[in-house]
> 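There's a structure below that I have some questions on.
Because the structure is predicted, anything quoted here is derived from the model rather than measured.
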Amino acid sequence: MMSKTQAAFTCTVERLEEQFRRLYFWTFTFVEVPLNDEWAMKHYAKFMRAVTKRWPTMRGVRVCELHKSHGIHFHALLSERLPIREILELGERYGFGRISVRKAIKGDGGYLAKYLSKQYRAENLFG
C-alpha cells in the first residue's frame, strides 16, 4: 500500500508530466561517500539553488537513494535537459563527481516513489 508521502509524490510527478512536454531523469552522485546525510542534503540544496539561478524555469522533484557501499545520491525528474558540461562543472563545486541524465519514461515516478518508503530506507541505512 502506498504511503501518503508516496501518493503526494506520485501526484506531483503526474502534474509535471501534464505541464511539461518531456521530463528528464537525472542522477547526482558525490565523488566521495558523504560524511553524513545532513552534509549531503545541504550540498545538494546549495547545488540546486545554483542550478535554478541559472535555469529559473526548471521544475522537478527529487529523492535520495541510500546505499550501504557508496552512501547517498540523488535522483531527480526535471523539466529540462540542462547542458551536461555546465552541470558537471557546477556539480564539482558541491562535491558531485558522477552525473547522468536520460529522457524519463513512464514508471520513473513510481520507481522514485519507492525510495520514500520508511521500510526501504531503514533497510538501506549504513553506519
> Less than 4.5 Å apart, side chain to side chain, heavy atoms only: is that true for Leu82 and Tyr24?
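The answer is no; the side chains never approach within 4.5 Å.
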> Could you tell me which non-hydrogen atom of Phe28 sits nearest to which non-hydrogen atom of Ala76, and how far apart they are?
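Answer, listing the atom of Phe28 first, then Ala76: CE1-CB, 4.1 Å.
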> Do Trp39 and Phe30 have their ring centres less than 6.0 Å from each other?
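Yes, the ring of Trp39 comes within the 6.0 Å limit of the ring of Phe30, centre to centre.
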> Kindly give the heavy-atom pair with the smallest separation between Ile72 and Cys64, and that separation in Å.
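Closest pair (atom of Ile72, atom of Cys64, distance): CD1-CB, 3.7 Å.
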> Is the NZ or CZ atom of Arg62 both under 6.0 Å from the centre of the six-membered ring of Phe74 and within 45° of that ring's axis?
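Because its charged atom misses either the 6.0 Å distance or the 45° angle limit, Arg62 does not stack over Phe74.
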> Is there a side-chain contact between Tyr44 and Tyr94 in this structure, where contact means two heavy atoms from C-beta onward sitting under 4.5 Å apart?
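Contact flag for Tyr44/Tyr94 side chains = no.
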> Kindly state each residue pair satisfying side-chain hydrogen bond (donor to acceptor under 3.5 Å, both in side chains) with at least one member in residues 75-87, sequence neighbours excluded.
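For residues 75-87, and leaving out neighbouring residues, the side-chain hydrogen bond (donor to acceptor under 3.5 Å, both in side chains) pairs sorted by first residue read Thr27-His75, Thr57-Glu80, Glu65-His75, His73-His75.
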> Quick check: closest heavy atoms across Val13 and Leu23, and the distance to 0.1 Å?
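The answer is O-CD1, 4.5 Å.
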> Inspect the surroundings of CZ in Arg98 and state if more than 12 heavy atoms from other residues, nucleotides or ligands are less than 6.0 Å away.
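Counting other residues, nucleotides and ligands, CZ of Arg98 stays at 12 neighbours or fewer.
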> Can you list the residues that meet the side-chain contact (heavy atoms from CB on, under 4.5 Å) rule with Glu38, with sequence neighbours excluded?
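Partners of Glu38 under the side-chain contact (heavy atoms from CB on, under 4.5 Å) test: Asn36, Lys42.
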> If I compare all heavy atoms of Thr10 with all of Ala113, which pair ends up nearest, and what's the gap?
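So the two residues come closest at OG1-CB, 4.1 Å.
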> Please tell me if the side chains of Trp26 and Ile87 come closer than 4.5 Å, counting only heavy atoms from C-beta onward.
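Side-chain contact under 4.5 Å: yes.
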> Please determine whether a side-chain nitrogen of the Lys or Arg among Asp108 and Lys103 lies less than 4.0 Å from a carboxylate oxygen of the Asp or Glu.
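Salt bridge: no.
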> Does Ile99 reach the side chain of Thr29, with side-chain heavy atoms less than 4.5 Å apart?
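A side-chain contact is absent here, since even the closest heavy-atom pair is not under 4.5 Å.
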> Side chain to side chain contact (heavy atoms under 4.5 Å, CB included) for Phe96 and Leu90? Distances and angles first, verdict last.
CA-CA 9 Å; Phe96 291 100; Leu90 197 55; over 6 Å; no
> For residues 2-24, which residue pairs qualify under salt bridge (Lys or Arg N to Asp or Glu O under 4.0 Å), counting only residues two or more places apart or in two chains?
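Those involving residues 2-24 are Glu17-Lys106.
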> What's the shortest heavy-atom distance between Gly60 and Leu78, and which atoms?
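Where Gly60 meets Leu78 most closely, the heavy atoms are CA-CD2, 3.9 Å.
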> Please answer: with hydrophobic residues joined when any side-chain heavy atoms are less than 4.5 Å apart, are Val31 and Phe47 in the same cluster?
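Looking at the clustering, Phe47 is in a separate group from Val31.
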